[in-house]
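Below is one structure, written out as structure tokens; the observations come after it.
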There are 2 protein chains.
Amino acid sequence: MASTLKDVAQAAGVHTGTASKALNADTRHLVAEATVKRVLAAAKKLHYQPNDIARSLRTRRSQMVGVLVPDLTNSLFPPIVRGIEHVLSDSGLQAIVLNTDNNIEKASELFSTLWARQCDGFIIASAFREDKLIEEIAEREIPAVLVNRLTDKRLLPSVSGDEWSGVHIAVNHLASLGHKSIAHIAGPKNISTGNIRRLAFLDAILKIGLKKENCPIVFASEYSDSAGRFAAKKLLSNSKARPTAIFAGNDQIAMGVLDAIDAAGLSCPEDISVVGFNNIPLMERVNPSLTTMHLPKRRVGEAAAVILKEIISGEVMHGPEVHMMPCEIIIRDSTAKV
Amino acid sequence: MASTLKDVAQAAGVHTGTASKALNADTRHLVAEATVKRVLAAAKKLHYQPNDIARSLRTRRSQMVGVLVPDLTNSLFPPIVRGIEHVLSDSGLQAIVLNTDNNIEKASELFSTLWARQCDGFIIASAFREDKLIEEIAEREIPAVLVNRLTDKRLLPSVSGDEWSGVHIAVNHLASLGHKSIAHIAGPKNISTGNIRRLAFLDAILKIGLKKENCPIVFASEYSDSAGRFAAKKLLSNSKARPTAIFAGNDQIAMGVLDAIDAAGLSCPEDISVVGFNNIPLMERVNPSLTTMHLPKRRVGEAAAVILKEIISGEVMHGPEVHMMPCEIIIRDSTAKV
DNA sequence: TACCCTACCGCAATCGATTGCGTGAAGAAT
DNA sequence: ATTCTTCACGCAATCGATTGCGGTAGGGTA
């Protein structure tokens, strides 16, 4: 059906090896100019499209990069992925995006199949703080970069938001509005973002001089509105010690917090201010519009892709460096003076 | 580095051919049971992972399906993609998702590279009403299914929402609230959804008995809030003939319409009711929450994937059939009695 | 004229798995 | 005891492109 290198070579009256060299830009100098022209013409006439599978088998490189994401329907990730794709495509690399559903076994399976397809490298947005898969990848020295989520052990280069200072900015914002009782709905303990945001929250309230007992922390079992709602409901059930502000582990949790505030017959921001994290799309349109920390998602993806490219090409050596992009506060209607 | 079939065969004391047959479930009966056990044991011990590239080269099948999407950051698409992936993964197929940015040339390029990688089939959510790429795919009889967007010519099987009746339901809803002047902000003319929704809108208002001159149509240049805002601003600039309801081409356009209503010093739904289409995530949380037609996105993706699998396996023949999933109205706060 | 050098191209191995064919041995049937 | 069948396995070609090596022809130099 499709024409092969052999067809082109025959049409041009040369051997396949010669045709290959003529077609490939960086071996073309090995072939006489006139021959190159003949081969190129034959290739064009036959609509020759090299078979990447065969090429990959021989060269052991596939020009594909595996991208592991917890869940594409979480709108945090598509912008990151677009950033990755944008950078990769400049070098003819293609991103293969797969969903792990936060399931480490599924992630391992997906990794295996990608590896069997000779992926040149990996960008992983689905890491847990302790993650066998990441350890294995690091141990085998497979080119890979973490994005957004980190492991506790520094094993691979990573790109994420500067969560620590982001949290401080958020808490300071609430404090500047006069809030003295700020609660935190923390994300999952086994995910770096959940952990570091919680620790940063603790640090921030202590630095400000707020009392720890006025600033309770409740855990959400996952980064979702329903988990956020459940946790916030628990938090608000004790009407004695009701906080005047809630710092949510991320925007999805913040959505659940808004629901819980509503369900408790309270309102945001009049009774309780709410701050989210990430600034995912449409947060400017929800009711009330959400004050949140903006993560430069696309740039995070781009930076990760740049690093991976450098690792793959071998141009630049990379240890397990931590790259952090600054987060910016977006003040909207969900926060108000106490 | 990684162990190959040859290693396994050596370890088991058999020829590679025999090892291959032993490893492969449907050729295993050609090998003695004891030998199978030895090979399996050797494979396990060596952590043998077959090289899919080599396999694909030989079998001419890659177990990959290309999925062409306009833009993953448009939250209409991730749920469709998840539906596709879910069905495909049951058969060991993997979806390769790529963004075309509504650029038909980019789509063609992406298609070529996927085809060079021996993709077994394609699911395309980025079709235009006239689309050279789709024509070529149909002509070359490459397994492919359209999703969400159709071409004017019926060339490939397709799965989409039942737009026609969906629009009628939406318009009838507005009419039942007493609206007699309903405007439509249509999506792009060169995309099937934009076209059919506009035609269905015309049909619906006529069926209801509304006057065409009271029901103006304005085109949005693309499916985005900014294009919707621009179009709605134009519509509302004529304060004489202001509609009491606007049926937006999709939810993103509806967001722009809400902005324009706000910018005109009007409010929704008091002055103008708004209806969207697709019911993308978070529409229940925007202000006001959006009445919209719910498209069963995941099921649309699943259905498309099922059809593609049948085509690839050759089990069932498929012509250019049109499959339509019912759309359901979700009534929220953006529509009210006139 | 003899020799060398260079440019160009063909040759064939290679990547790793699959698969139809051929062969040998064991067992069954006559 | 001989022939036939069946089962298990080895053999080698194959998929399509890449690449180092070797050979040849042409032109230049001594």
Side-chain angles (χ1 to χ4, degrees), chain A residues 1-40 42-43 46-64 92 112-113 115-120, chain B residues 1-40 42-43 46-64 92 112-113 115-120:
Chain A
M1 195 66 223
S3 57
T4 71
L5 185 61
K6 198 196 249 178
D7 301 326
V8 174
Q10 257 169 13
V14 295
H15 190 264
T16 57
T18 307
S20 171
K21 285 163 193 157
L23 258 3
N24 228 316
D26 47 342
T27 50
R28 188 165 296 162
H29 65 278
L30 298 170
V31 179
E33 204 171 328
T35 312
V36 170
K37 270 192 188 148
R38 279 213 321 284
V39 173
L40 255 35
L46 296 175
H47 299 104
Y48 172 65
Q49 177 76 24
N51 183 325
D52 278 337
I53 294 283
R55 172 180 289 165
S56 293
L57 179 61
R58 174 63 216 239
T59 63
R60 304 179 146 285
R61 296 192 301 103
S62 65
Q63 307 286 91
M64 301 192 302
S112 292
T113 72
W115 185 242
R117 293 206 210 296
Q118 305 266 34
C119 272
D120 298 341
Chain B
M1 193 69 220
S3 55
T4 71
L5 185 61
K6 198 196 252 180
D7 301 325
V8 174
Q10 256 168 12
V14 296
H15 190 265
T16 57
T18 307
S20 171
K21 286 162 193 158
L23 258 3
N24 229 317
D26 47 341
T27 49
R28 189 165 294 161
H29 65 277
L30 297 171
V31 179
E33 204 172 327
T35 311
V36 170
K37 270 194 188 146
R38 278 211 322 283
V39 173
L40 256 34
L46 297 175
H47 299 104
Y48 171 66
Q49 177 77 24
N51 183 325
D52 278 337
I53 293 283
R55 171 179 290 163
S56 292
L57 180 60
R58 174 64 216 241
T59 63
R60 306 181 145 284
R61 296 194 297 107
S62 66
Q63 307 286 91
M64 300 191 304
S112 292
T113 72
W115 185 243
R117 292 206 209 296
Q118 306 266 31
C119 272
D120 297 341

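Proteins get letters first, then strands, A, B, ... in listed order; numbering begins at 1 in each.
- Shown here are the side-chain contact (heavy atoms from CB on, under 4.5 Å) partners of Gln49(A), two or more places apart in sequence or in another chain: Ser112(B), Ala116(B).
- Within the 3.5 Å criterion, the main-chain N or O of Gln118(B) finds a donor-acceptor partner in the side chain of Ser62(B).
- Take Thr4(B) and apply the side-chain contact (heavy atoms from CB on, under 4.5 Å) test, not counting sequence neighbours, and it matches Lys6(B), Asp7(B).
- We find the CG-CD distance between Leu5(B) and Gln10(B) to be 10.5 Å, quoted to the nearest 0.5 Å.
- Side-chain N or O atoms of Thr18(B) include none that pairs as donor or acceptor with a backbone N or O of Val14(B) at under 3.5 Å.
- Partners of Arg117(A) by side-chain contact (heavy atoms from CB on, under 4.5 Å), not counting sequence neighbours, listed by chain and number: Met64(A), Asp52(B), Gln63(B), Met64(B), Gln94(B).
- Ranking dT19(C), dA17(D), dA17(C) by closeness to the Thr59(B) side chain, first place goes to dT19(C).
- Taking atom CD of Gln49(B) as the reference point, atom C1' of dA17(C) lies 13 Å away to the nearest angstrom.
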For nucleotides 24-28 of chain D, give me every protein contact, N/O to N/O, under 3.5 Å, one pair per line with atom names.
none

Distances under 3.5 Å only, N/O to N/O: pair up the protein atoms with those of nucleotides 6-12 of chain C.
| residue | atom | partner | partner atom | Å |
| --- | --- | --- | --- | --- |
| dC9(C) | OP1 | Thr35(A) | OG1 | 2.2 |
| dC9(C) | OP2 | Ala32(A) | N | 2.7 |
| dC9(C) | OP2 | Thr35(A) | OG1 | 3.3 |
| dG10(C) | OP2 | His15(A) | N | 2.9 |
| dG10(C) | OP2 | Thr18(A) | OG1 | 2.5 |
| dG10(C) | O6 | Lys21(A) | NZ | 2.9 |

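- Side-chain atoms of Arg55(B) and base atoms of dT18(C) include no donor and acceptor less than 3.5 Å apart.
- Taking atom CD1 of Ile53(B) as the reference point, atom C1' of dC15(C) lies 11 Å away to the nearest angstrom.
- Here dT14(D) presents its P atom at 19 Å from CZ of Arg58(A), a figure rounded to the nearest Å.
- Distance CG (Asp52(A)) to C1' (dT18(D)): 13 Å, rounded to an integer number of Å.
- We find that CG of Leu5(B) is positioned 13 Å from C1' of dC15(C), with the value rounded to whole Å.
- With sequence neighbours excluded, the residues forming a side-chain contact (heavy atoms from CB on, under 4.5 Å) with Leu30(B) are Lys21(B), Thr27(B), listed by chain and number.
- A donor-acceptor pair under 3.5 Å is absent between the side-chain atoms of Asn24(A) and the main chain of Asp26(A), judged by distance alone.
- Here the P atom of nucleotide dA8(D) and the NZ atom of Lys37(B) are 14 Å apart, to the nearest Å.
- One interatomic measurement links the two molecules: CD of Gln118(A) to P of dT18(D), which rounds to 15 Å at whole-angstrom precision.
- Between Asp26(B) atom CG and dG20(C) atom P the separation is 12 Å, expressed in whole Å.
- Residue contacts for Asn24(B): at a heavy-atom cut-off of 4.0 Å it reaches the sugar-phosphate backbone alone, with no base atom in range.
- Taking 4.5 Å as the limit, every side-chain heavy atom of Ser56(A) sits out of range of all side-chain heavy atoms of Arg61(A).
- Within the structure, a side-chain polar atom (N or O) of Ser20(B) is placed less than 4.0 Å from OP1 or OP2 of dT18(C).
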